[in-house]
Colleague: 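Dumping the structure here so I can ask a few things about it.
Sequential numbering from 1 along the given sequence is applied to the chain's residues. As a basis for the values below, the full set of heavy atoms in this structure was taken, side chains included, without hydrogen atoms, waters or symmetry mates.
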Amino acid sequence: RCHQRSVAMLDISFPPFCAFLGSLGLLCVALVGAWCQHWRGGFSLDGGSRTFNWHPMLMVTGLVVLYGAAALVYRVPNTWSGPKLPWKLLHGGLAFGAFILTVLGLAAVFHVHNSRGTPNMYSLHSWMGLGTVLLFSCQWAAGFGAFLLPWAPTWLRQFYKPIHVFFGSTILMLSTASCVSGINEKLFFSLRNGTTQYKLLPAEAVFANTLGMLILLFGVLVVGALARPSWKRPDSDSLDSRQVPGTR
């Protein structure tokens, strides 16, 4: 009886959870913007440190928050009936928007490094981040070919679907890990000579560490929502699961 009561307490519906998760995602974007604006000098396109600030802003917005929103499209109950194609387009469009922001974020950091003569791709953060973006690129291209092209055979979609779902969650976990490691790396580089050292936990460190924890929480909640059986779209061979009405 106690177990049933505990399960009932945890059995919340998707809409309020989605509202909370959306608020958390917007909070993460707002906090990374506040961090860059208040402690890192703001944003610019002059090729200096303020240009670098576009990197964390765009990566958190695109690779974490917008990508998480794309991953949860099929958990919205409204997508469980009717033709599936409009929701496929929304899912693919959100993922493509996340990819564009991610590419711009990468361009910002490479531009700053090259203008300053700073080596590229030497840290674990950079390896993990670029690997995540490359995997994301392959995931989007494969998903487009398997699920959006009208001539893709049914057997291919059925074969690739669990692979697509698995790598979707994997990419999100890698994205959150990349962002958190990037925040940590930035603090180590910035809070040293002429400032209060990172180990003394100044206000910026507390703020950025909190931001990192919220990003991790967002990623964990999205992955948890994707794994929750009661929130998954019913899988069937009926009309609502087909690419185009009247076709396989």
Side-chain angles (χ1 to χ4, degrees), residues 25 28-29 32 36 45 47 51-74 88-149 152 156-157 159-186 188-189 211-212 215-216 218-227:
C28 290
V29 173
V32 72
C36 294
L45 297 175
T51 300
F52 178 89
N53 291 338
W54 285 109
H55 176 65
M57 185 70 189
L58 293 173
M59 300 307 268
V60 171
T61 304
L63 202 55
V64 176
V65 178
L66 195 56
Y67 183 86
L72 290 176
V73 164
Y74 295 120
K88 288 184 178 183
L89 294 174
L90 177 61
H91 173 74
L94 289 173
F96 186 70
F99 178 72
I100 294 298
L101 294 181
T102 300
V103 170
L104 293 175
L106 284 179
V109 69
F110 278 111
H111 176 63
V112 173
H113 281 187
N114 292 336
S115 64
R116 292 181 169 184
T118 304
N120 292 305
M121 303 305 301
Y122 64 89
S123 67
L124 176 61
H125 164 67
S126 61
W127 289 16
M128 184 162 52
L130 186 60
T132 302
V133 174
L134 292 176
L135 187 60
F136 182 15
S137 305
C138 296
Q139 168 88 341
W140 193 91
F144 179 83
F147 301 120
L148 282 176
L149 293 181
L156 176 62
R157 297 200 296 271
F159 170 78
Y160 179 64
K161 181 179 178 180
I163 300 174
H164 186 77
V165 172
F166 170 77
F167 279 105
S169 297
T170 301
I171 291 168
L172 182 62
M173 290 188 292
L174 290 173
S175 299
T176 56
S178 299
C179 288
V180 170
S181 66
I183 291 172
N184 191 243
E185 182 179 289
K186 182 62 176 177
F188 272 117
F189 282 142
L211 169 62
I215 291 173
L216 281 178
F218 180 87
V220 168
L221 290 178
V222 172
V223 172
L226 294 175

Colleague: What heavy-atom pair brings Leu94 and Ala70 nearest, and what distance separates the two atoms?
Modeller: CB-CB, 3.6 Å
Colleague: For the residue pair Ala152 and Gly145, what are the closest heavy atoms and their distance?
Modeller: CB-O, 3.5 Å
Colleague: Ignoring hydrogens, what is the shortest heavy-atom contact between Phe110 and Met121? Give both atom names and the distance.
Modeller: CZ-SD, 4.0 Å
Colleague: Do any pairs count as a side chain to side chain donor-acceptor pair (under 3.5 Å) and have a residue in residues 51-66, sequence neighbours left out, and if so which ones?
Modeller: Asp46-Thr51
Colleague: OG of Ser169 to CG of Leu226: how many Å apart, nearest 0.5 Å?
Modeller: 4.5 Å
Colleague: Rounded to the nearest 0.5 Å, what separation is found between the SG atom of Cys179 and the CG atom of Leu63?
Modeller: 6.0 Å
Colleague: What distance do His91 atom NE2 and Leu72 atom CG have between them, rounded to the nearest 0.5 Å?
Modeller: 10.0 Å
Colleague: Could you check whether the rings of Phe99 and Phe136 sit parallel, tilted or perpendicular, using 30° and 60° as the cut-offs?
Modeller: perpendicular
Colleague: Quick one: list whatever passes ring-ring contact (aromatic ring centres under 6.0 Å, His included) with His164, sequence neighbours left out.
Modeller: Phe147, Tyr160
Colleague: Using every non-hydrogen atom in the two residues, find where Phe167 and Tyr67 come nearest and quote the distance to one decimal.
Modeller: O-OH, 4.1 Å
Colleague: Please round to the nearest 0.5 Å and tell me the distance separating atom NE2 of His125 and atom CZ of Phe188.
Modeller: 14.0 Å
Colleague: Search all heavy atoms of Pro56 against all heavy atoms of Cys36 and return the closest pair with its distance.
Modeller: CG-SG, 3.8 Å
Colleague: First locate atom CG of Leu104, then atom CE of Met57, and finally report the distance between them rounded to the nearest 0.5 Å.
Modeller: 13.0 Å
Colleague: Heavy-atom distance under 4.5 Å between the side chains of Thr176 and Phe218, does that happen here?
Modeller: no
Colleague: Give the C-alpha distance, both sets of side-chain angles, the deciding distance and a yes or no for side-chain contact (heavy atoms from CB on, under 4.5 Å) between Met128 and Ser181.
Modeller: CA-CA 9 Å; Met128 184 162 52; Ser181 66; 3.5 Å; yes
Colleague: Taking the side chain as C-beta and beyond, is there a heavy-atom pair between Leu211 and Val60 under 4.5 Å?
Modeller: no
Colleague: Kindly indicate whether the side chain of Phe96, heavy atoms from C-beta on, has any atom under 4.5 Å from the side chain of Phe144.
Modeller: no
Colleague: Could you give the distance from CD1 (Ile215) to CD1 (Ile183), rounded to the nearest 0.5 Å?
Modeller: 4.0 Å
Colleague: Please name the pair of heavy atoms, one in Leu172 and one in Val64, separated by the smallest distance, quoted to 0.1 Å.
Modeller: CD1-O, 3.9 Å
Colleague: Kindly indicate whether the side chain of Val112, heavy atoms from C-beta on, has any atom under 4.5 Å from the side chain of Thr118.
Modeller: no
Colleague: So do Ser178 and Met59 actually touch side chain to side chain, heavy atoms under 4.5 Å?
Modeller: no
Colleague: Are the side chains of Met173 and Val220 in touch, meaning some heavy atoms are under 4.5 Å apart?
Modeller: no
